[in-house]
Amino acid sequence: MIGIINYGAGNIFSLQSALDRLGLSYKIIESVSDFDSCDRYIIPGVGHAAPAMKKLNSTGLVPLIKQTNKPVLGICLGMQLLASFSEEGNTDLLNLISMKVLKFNDSKLKIPHIGWNKVNPTEKETIFKNIPDESYFYFVHSYYLQHIPAYTLARTEYGLTYASSIKKNNYFGVQFHPEKSGKVGELLLKNFSEL
């Protein structure tokens, strides 16, 4: 059972639709009492880091997310929340992975970065199993995670090389939206469900 962490910042409907298409069971988690009944978790998210962290803290779920040994997948803003700090609102994040979220500042780039872009995994044993190099995924974001080889699971180019997927222990993150990325996105979600 996948637990979808609902803290008021997630694009939950699209994610639910993708999980339904895959026949995967899930439940919405909004309180501490719901947490333990799941064997893995997804933190979706769109929006701004500062209010998202405030809302997430208000749920009481933060200590449970930080302590769990079960697989956790952050999507888009949900991935950024796994890091230590965001330039968006100068916000302290969950600090599960020692990385910073930075703002795209190349004046030649269209910001936000919206649309399809190539993703190059650095390893293929976990969520990118059976997904070809340079597969296209769908992105919508103005901030990015710095590329740190120790934590980067996949790289993407957009004016610079950044981490489009990260991993540390049981925590995974993807900057793109697998639920809006067609068959490869669904395969990534299926891989996560089988970890």
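Side chains included, hydrogens not; waters and symmetry mates left out as well; all remaining heavy atoms used.
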Centres of the [X] and [Y] rings: under 6.0 Å?
| X | Y | result |
| --- | --- | --- |
| Tyr162 | His147 | no |
| Phe35 | Tyr41 | yes |
| Phe139 | His113 | yes |

Under 3.5 Å, side-chain donor or acceptor atoms of residues 97-109 against the rest of the protein: list the pairs with distances, not counting sequence neighbours.
{"unit_1": "Asp106", "atom_1": "OD1", "unit_2": "Lys108", "atom_2": "N", "d": "2.9"}

Treating [X] as the side-chain partner and [Y] as the backbone partner, does any N or O pair qualify as donor plus acceptor under 3.5 Å?
| X | Y | answer |
| --- | --- | --- |
| Ser17 | Phe13 | yes |
| Thr152 | Ala154 | no |
| Ser135 | Pro132 | yes |
| Asn95 | Ala83 | no |
| Asn170 | Val72 | no |
| Arg40 | Gly3 | no |
| His48 | Ala50 | yes |
| Ser165 | Gly173 | yes |

Notebook entry, point to check: Taking only residues at least two apart or on different chains, which pairs with a member in residues 29-38 satisfy side chain to side chain donor-acceptor pair (under 3.5 Å)?
Noted result: Asn6-Glu30, Lys27-Ser37, Ser31-Ser33, Ser31-Asp34
Do [X] and [Y] have side chains that get closer than 4.5 Å, going by heavy atoms?
| X | Y | value |
| --- | --- | --- |
| Leu195 | Phe172 | yes |
| Pro44 | Ile4 | yes |
| Thr91 | Leu93 | yes |
| Trp116 | Tyr138 | yes |

Notebook entry, point to check: salt bridge (charged side-chain N to carboxylate O under 4.0 Å, His left out) with Asp92: which residues, sequence neighbours excluded?
Noted result: none
Next item on the list: Kindly write out the residues that satisfy salt bridge (charged side-chain N to carboxylate O under 4.0 Å, His left out) with Lys180, not counting sequence neighbours, or none if the list is empty.
Entry: none
Check: Are Gln175 and Gln80 close enough that a side-chain donor and a side-chain acceptor fall under 3.5 Å?
Finding: yes
In Å and rounded to the nearest 0.5 Å, what is the [atom1] to [atom2] distance from [X] to [Y]?
| X | Y | atom1 | atom2 | result |
| --- | --- | --- | --- | --- |
| Glu134 | Glu157 | CD | CD | 9.5 Å |
| Ile5 | Ile29 | CD1 | CD1 | 4.5 Å |
| Leu187 | Leu189 | CG | CG | 9.0 Å |
| Ile131 | Leu188 | CD1 | CG | 4.5 Å |
| Leu82 | Leu77 | CG | CG | 10.0 Å |
| Ile2 | Cys38 | CD1 | SG | 9.0 Å |

Check: What residues, two or more places apart in sequence or in another chain, satisfy side-chain contact (heavy atoms from CB on, under 4.5 Å) together with Glu123?
Finding: Glu125, Thr126, Leu153, Lys167
Note to self: Does this structure show an ion pair linking Lys118 with Asp133, if we count only N-O contacts that are shorter than 4.0 Å?
What the structure shows: no
Check: Should side-chain heavy atoms under 4.5 Å link Ile, Leu, Val, Met, Phe, Trp and Tyr, which residues sit in the same cluster as Met1?
Finding: none
Note to self: Working note: Val119 + Phe128, criterion side chain to side chain contact (heavy atoms under 4.5 Å, CB included); need CA distance, chi angles, decisive distance, verdict.
What the structure shows: CA-CA 10 Å; Val119 171; Phe128 287 99; 3.9 Å; yes
Next item on the list: Assess whether side chain to side chain contact (heavy atoms under 4.5 Å, CB included) is satisfied between Leu160 and Tyr144, documenting all intermediate values.
Entry: CA-CA 10 Å; Leu160 47 75; Tyr144 67 93; 3.5 Å; yes
Next item on the list: Please report the closest heavy-atom contact between His177 and Ser181, naming both atoms and the distance.
Entry: O-OG, 2.7 Å
